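What follows is a short report on a single structure.
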2 protein chains.
Amino acid sequence: MARLPVYLRALNSLLESEIRSCSSEELATAAGVNSAKLRKDLSHLGSYGTRGVGYDVEYLRYQISREIGLTQDWPVVIVGIGNLGHALANYSGFTSRGFRTVALLDADATRHGELVAGLKIRGFHELSAIVHEHGVAIGVIATPAAAAQSVCDEMVAAGIRSVLNFAPMVLSVPEGVDVRMVDLSSELQILAYHEQRKAPLHPEAAPTGTAGVA
Amino acid sequence: MARLPVYLRALNSLLESEIRSCSSEELATAAGVNSAKLRKDLSHLGSYGTRGVGYDVEYLRYQISREIGLTQDWPVVIVGIGNLGHALANYSGFTSRGFRTVALLDADATRHGELVAGLKIRGFHELSAIVHEHGVAIGVIATPAAAAQSVCDEMVAAGIRSVLNFAPMVLSVPEGVDVRMVDLSSELQILAYHEQRKAPLHPEAAPTGTAGVA
DNA sequence: AAGAGTTTGTGAACGCGGGAACAAACCGAG
DNA sequence: CTCGGTTTGTTCCCGCGTTCACAAACTCTT
C-alpha cells in the first residue's frame, strides 16, 4: 500500500514525542486518514494491535518497516548529477533508514571525480559493474528528458528492476520492472487547475482578515 | 483531473514530431492509458474531436492548456533555497509555460542577495509583500520538515491558497487551501516494497541473459 | 449520392476502495 | 469472578472510476 510510508512517518513522529502507545484514532489523525481505513490497512499486515488498548508504537513501527522492506539494505544509484541529482544525493530521506546511495553517475566527463555528498561522480559506463558489485536493485533517473529512456534501458539491462524517474517523460520498460514517476511540473499544473477553479469563488475575501488584496 | 498534464505532455511530444492529428488510440498509447478513459476525460472538457478523423493535436493542446489554466500567468514563490530549492529554481518545468518564479526566499540571512537562477535570494519576512505585489497564489516549500508548518502558515496568512510541499511532513491548512505533497522518501519506500515482493520470484534469473549474478 | 470504413462520444456493467457500523477481545474496578 | 468501558478487526454497503460495447457522425470511394 502507498499509505504505509505515511503511517511510518507518523509513528516516527510519535516516537520522537516519547509516546509509546496509541489508538488507531490518534495515529489516523496524525497520518491524516480515516481511522477505519487505517485499521483495515494494518489488519492486512497482521494483528499487531491489542483490543481495548491500541498499538504499541515501537512494535508497529518495526512491523511496518519490515513489511515495506526497510529492515534490509537497499543500495541505490543516482544517474544525472545536475541540480536535481545533486539535491537528491544530499537529501536525508535517501541516505537514511534502509537506503544507501552507492554511486553517482553522470555522462558529462568533465564532472567525473567531483565530490558530492561524500561520493565521487563516476562515468555512466560504470553502471553495470556497480550494479553487479553492490547488488543494486533501485535506480534514480535525474537526467534531462531526452536521455531518460536510454538511461532507463541501460539500467534494466544491468539488472535494475525498480526505477524512480524525475525526468518529465513516460518511460517504457519490460514486464517485471517498476517505474515510479515524480513529475514536478505536473504537480504545479494540478495546483493551477484547482486554483483556477476556486479563484472566482472568493472574489475579494481575505482569509485571515488582516490584510486586504491591495 | 490529474491526468490532464500527462495528456498535455503527450500532445507536446507529438507536436515535436510534427504530428498534426491523432486518434484517441494513439494519444492513449503515448500517455500510457486506456483509450476509452482518455476519450471520456476529454469529453468532460467538450467535444474537441472529429468522429472518423481524430483530434487536432495543436487545437486539443490549447484546449487542455486552457482547462488546466496554463494560458494565464502563475507567479510562484519558492521558500527554502537549500539543495532542493536550488534545483527547483533551475528546473525548466517550473519556469516554463504559465509558471513564473518571482521570488526565492530563505530564512538564512547569510544567503540573502545570492543569485540563483537569475533571482536574488530574499528574506522570508518579505513573503507577504511579494505575494501581494505579484498576486502570487502558489507557494513551494522546500525547507526542512521542522520549518515547513510555520512557513505554510505564513503563506496562508499572506493569501496563498495552493502549496506544493517537498518537506517530509503532513501540513495542516484551513479549508479552501490545497496542499500537494511530493515525498521523495515515500516514493523510494514504495519501490522497495514492490522490490521486496518480487525478489524471491526471480531467484537467479538474469533478465538479459548476458551477465550472471556473480 | 450512397455505402463502407473509421473514430468519437456515451450508456451500462463491473470491480474496487472507502466509510460506517458491529461483534470480538482486552483491561480494570468492585 | 463479573461487569462496564474501550478499542481492534471485520463485515456490509455505497459510490466512484474504469472498461466494454455500441450508436452517432464523419470521410472517402465508387
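Quick note on labels: first sequence line is chain A, next is B, and so on, each numbered from 1. All figures in this text were calculated on a predicted structure; none of them were measured in a lab.
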Arg51(B) has an atom CZ; how far is it from atom C1' of dT7(C), in whole Å?
9 Å
Interatomic distance, Leu45(A) CG vs dT10(D) C1' [rounded to whole Å]
15 Å
Please give the stem ranges for DNA chain C, sorted by first residue number, where a stem is three or more consecutive Watson-Crick or G-U pairs and both donor-acceptor distances are under 3.5 Å.
C:1-30 with D:1-30
Any non-hydrogen side-chain atom of Leu184(B) less than 4.5 Å from a side-chain atom of Leu188(B)?
no
Considering only heavy atoms from C-beta outward, does the side chain of Asp41(B) approach that of Val33(B) to under 4.5 Å?
no
Is there a side-chain contact (heavy atoms from CB on, under 4.5 Å) between Lys198(A) and Ser162(B) once you walk through the steps?
CA-CA 10 Å; Lys198(A) 65 186 168 188; Ser162(B) 293; 3.8 Å; yes
Roughly how many Å is it from NE2 in His44(B) to P in dT10(C), rounded to a whole number?
9 Å
Under 4.0 Å from OP1 or OP2 of dC20(D): is there any side-chain N or O of Asn34(B) that close?
yes
Should Ile141(A) and Met155(A) count as side-chain neighbours, where that means a heavy-atom distance under 4.5 Å?
yes
Would you mind reading off the distance between Asp56(B) atom CG and dT7(C) atom P, rounded to a whole angstrom?
16 Å
Leu60(A) atom CG is separated from dT8(D) atom C1', nearest whole Å, by 12 Å
Once you round it to whole Å, what is the distance between P of dT8(D) and OH of Tyr59(A)?
15 Å
Below the 4.0 Å mark, does dC26(D) have OP1 or OP2 next to a side-chain nitrogen or oxygen of Tyr55(B)?
no
dG17(C) phosphate, OP1 or OP2, under 4.0 Å from Arg3(A) side-chain N/O
no
Does anything in residues 19-30 of chain A come within less than 4.0 Å of DNA chain D? Heavy atoms only, and list the residues if so.
Ser23(A), Ser24(A)
To the nearest Å, give me how far apart CG (Asp41(B)) and P (dG17(D)) are.
10 Å
Is any side-chain heavy atom of Gln189(B) closer than 4.5 Å to a side-chain heavy atom of Leu70(A)?
yes
Would you call Arg20(B) and Glu58(B) a salt bridge, using N to O less than 4.0 angstrom?
no
What is the separation between atom NZ on Lys37(A) and atom C1' on dT11(D), rounded to the nearest whole Å?
18 Å
Does a nitrogen or oxygen in the side chain of Thr50(B) sit under 4.0 Å from OP1 or OP2 of dT8(C)?
no
Could you check Asp153(A) against Gln149(A) for side chain to side chain donor-acceptor pair (under 3.5 Å), going step by step and ending with a plain yes or no?
CA-CA 6 Å; Asp153(A) 292 344; Gln149(A) 182 64 59; 2.8 Å; yes
Polar side-chain contact Arg39(A)-dG9(D) base: donor and acceptor under 3.5 Å:
yes
Is a donor-acceptor pair below 3.5 Å formed from side chain Lys40(A) to base dG19(C), judging by atom type as modelled?
yes
Less than 4.5 Å apart, any side-chain heavy atom of Ile160(A) and any of Val77(A)?
yes
Looking at Glu25(B) and Arg39(B), is any side-chain nitrogen of the basic one under 4.0 Å from a carboxylate oxygen of the acidic one?
no
